[in-house]
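A, B, ... follow the sequence lines: proteins, then strands. Residue 1 opens every chain.
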There are 2 protein chains.
Amino acid sequence: MSYTSAFPPVYVTVDVVLLTLRADRLHVLMVERGSEPWRGWLALPGGFVRQDEDLPEAARRELREETGLAVEPVHLEQLGTFGRPDRDPRARTVAVAHLAVLPALPEPVAGTDAAGASWQPVEAVLDRELPFDHHDILLAGVERARGKLEYTTLATAFAGPTFTIAELRHVYETVWGRPLDPGNFHRKVVGAPGFVERAPGERSSGRGRPAAVYRAGTATLLNPPLWRGEPATPPSPLADREATP
Amino acid sequence: MSYTSAFPPVYVTVDVVLLTLRADRLHVLMVERGSEPWRGWLALPGGFVRQDEDLPEAARRELREETGLAVEPVHLEQLGTFGRPDRDPRARTVAVAHLAVLPALPEPVAGTDAAGASWQPVEAVLDRELPFDHHDILLAGVERARGKLEYTTLATAFAGPTFTIAELRHVYETVWGRPLDPGNFHRKVVGAPGFVERAPGERSSGRGRPAAVYRAGTATLLNPPLWRGEPATPPSPLADREATP
DNA sequence: GAAATAGTGTCTCTTAGACAATATCAG
DNA sequence: CTGATATTGTCTAAGAGACACTATTTC
């Protein structure tokens with residue numbers, strides 16, 4: 001193995017599936033492409049890796065640049081690398097896809113770069129055609145998130161810095177698209193060591209008894225998982241299981 | 001985003017962690033590097049991706065070329081992509097690491113390319129210094145394999161085309177480094193839908209009652225998993241959980 | 001008080017793991 | 001028969017999920 005022209009260089013990009021919860025639905029951050037091919041189409045944010053940049057670093061930078069997001073994602077992990085030779089008509093490219101998760105932001109995103117960035121409902125986006133292999137990547141991201149709720153504390157990344165148990169349950173119910181028993185959920189979450197810890201104060205959702213406030217604990221892996229197989233209920237359009245603690 | 005010199009191309013390699021079981025120990029296929037840097041060191045097999053090659057395809061080709069293996073790996077999945085800017089002193093490279101699993105081969109490998117390929121015990125290799133970030137990659141591969149035994153049928157990839165339940169149990173015991181209860185294991189494996197199916201015949205290990213022969217079933221995910229948390233026994237040097245069905 | 005949500009108790013059924021009991025083979 | 005391994009049974013404790021019940025708030 002040597003660095004001759006026999007081994008053509010490749011353009012390496014970093015693409016990001018940034019998920020969040022808005023209005024009780026799972027949303028993904030999309031940008032409108034400003035150049036050919038696929039000009040004008042909604043696409044996942046991403047761009048080329050720079051010479052002296054690590055992969056996660058590049059992912060964070062792209063999120064900042066292309067979406068004008070000031071906040072750092074609470075969760076960022078590598079999703080997988082997509083390199084079909086025909087994925088980009090212009091040149092041989094390899095995309096290192098990442099999954100990022102953020103709590104719901106008060107306001108839509110102010111795009112600073114190219115065309116603007118916007119939050120889109122995941123289900124709607126998955127129903128469309130997407131540029132390149134972004135459909136595969138988005139699907140992988142959503143499935144990864146769905147799977148990791150089960151056996152990691154990823155759900156807290158969707159919630160704000162503090163949250164009630166009901167809010168956390170809402171995360172699960174929204175991402176999984178299935179209602180959970182409030183009583184059993186409460187007991188399990190509070191009982192799972194390191195998942196959540198009490199924060200001072202209480203919070204009321206308007207009606208009903210105010211709930212205790214929690215923040216994310218130090219654990220990252222849930223052992224045993226919250227739920228293993230789904231307890232025979234409605235089927236979700238996507239499923240399966242992925243990981244990386 | 002455009003293809004100008006502002007975005008320098010990168011050399012993309014595919015590296016493979018090929019695991020197998022030999023003599024009751026987990027082994028990994030290593031090659032001896034024939035060129036600088038790290039000439040003469042044991043390294044993971046791998047090489048540059050070609051222009052019109054998909055990633056898994058490249059991984060398979062590298063295994064063939066660099067190790068002279070005639071057989072296709074029973075299991076091949078992407079492990080992750082390693083791209084620290086300083087991982088290769090010669091140029092910016094990004095390595096797409098793969099995990100492959102093969103049943104024990106009757107004979108050591110006949111290297112055809114470069115220096116020779118050889119099976120090395122994983123524990124021993126992890127105790128050494130390795131070229132580039134191959135230590136990280138190997139570690140990720142072993143942890144992924146350990147984790148996936150729990151909730152996928154990966155173990156059958158370590159066994160031959162047919163196997164007894166005890167042989168399959170040996171896979172778990174060796175990879176996890178911990179003894180399992182034969183009775184409970186038998187019941188669970190046979191009871192897990194799609195994990196294994198009867199093959200004709202019986203097989204004797206010399207002593208004792210001959211065992212029924214099985215082959216891999218059609219399932220790929222085990223739901224529920226064989227074991228969740230470890231039942232409080234000796235700690236293994238590596239742990240954690242990874243995935244991709 | 002009525003309605004709503006938070007949090008706790010209780011019950012039943014399944015499963016995990018420990019370990020005992022058979023079954024079937026080689027000397 | 002003895003020893004070894006395969007396979008099946010049995011027992012006990014823990015956990016899951018269903019669901020009833022209490023607590024605390026708004027209207």
Exercise. Starting from the C-alpha separation in whole Å, work towards a yes-or-no answer on side-chain hydrogen bond (donor to acceptor under 3.5 Å, both in side chains) for Ser204(B) and Glu202(B).
Key: CA-CA 7 Å; Ser204(B) 170; Glu202(B) 297 192 334; over 6 Å; no
Quiz item: So, Arg215(B) and Glu197(B), do they make that salt bridge, N to O below 4.0 Å?
Solution: yes
Quiz prompt | Closest non-hydrogen atom pair between Asp15(B) and Ala95(B), with its separation | solution = OD2-CB, 3.8 Å
Quiz prompt | Distance, rounded to the nearest Å, where Lys188(B) contributes NZ and dA18(C) contributes C1' | solution = 13 Å
Quiz item: Going through the checks in order, is the salt bridge (charged side-chain N to carboxylate O under 4.0 Å, His left out) test met by Arg25(B) and Glu123(B)?
Solution: CA-CA 9 Å; Arg25(B) 294 177 68 185; Glu123(B) 295 298 333; over 6 Å; no
Exercise. Specify the residues of residues 154-166 of chain A, ordered by number, for which at least one heavy atom lies under 4.0 angstrom from an atom of DNA chain C.
Key: Ala166(A)
Practice problem: State, to 0.1 Å, how close His98(B) and Val96(B) come at their nearest heavy-atom pair, and which atoms those are. | Solution: CD2-O, 3.2 Å
Quiz prompt | Salt-bridge criterion met for Arg169(A) and Glu173(A) (N-O under 4.0 Å) | solution = yes
Quiz item: Atom NE2 of His186(B) and atom C1' of dT24(C): how far apart are they, to the nearest Å?
Solution: 13 Å
Quiz prompt | Nearest-angstrom distance from the residue atom CG of Asn184(B) to C1' of dC19(C) | solution = 9 Å
Quiz prompt | Euclidean distance, atom CZ of residue Phe185(A) to atom P of dA6(C) [Å, nearest integer] | solution = 12 Å
Exercise. Return yes if the base of dG15(D) and the side-chain atoms of Arg187(A) contain a donor-acceptor N/O pair under 3.5 Å, otherwise no.
Key: no
Exercise. State, to 0.1 Å, how close Ala100(B) and Val16(B) come at their nearest heavy-atom pair, and which atoms those are.
Key: CB-CG1, 4.0 Å
Exercise. Begin with the C-alpha distance, continue with both residues' side-chain angles, and end with the deciding distance and a verdict on salt bridge (charged side-chain N to carboxylate O under 4.0 Å, His left out) for Arg61(B) and Glu66(B).
Key: CA-CA 8 Å; Arg61(B) 176 182 52 75; Glu66(B) 232 182 317; over 6 Å; no
Exercise. Send over the distance from His170(B) NE2 to dT5(D) C1', rounded to a whole Å.
Key: 12 Å
Exercise. Would you jot down, in residue-number order, the residues of residues 193-215 of chain A having a non-hydrogen atom under 4.0 Å from DNA chain C?
Key: Arg207(A), Gly208(A), Arg209(A), Pro210(A), Ala211(A), Ala212(A)
Quiz prompt | Listed nucleotide nearest any side-chain atom of Asp181(B), set dT8(D), dG17(D), dC19(C) | solution = dC19(C)
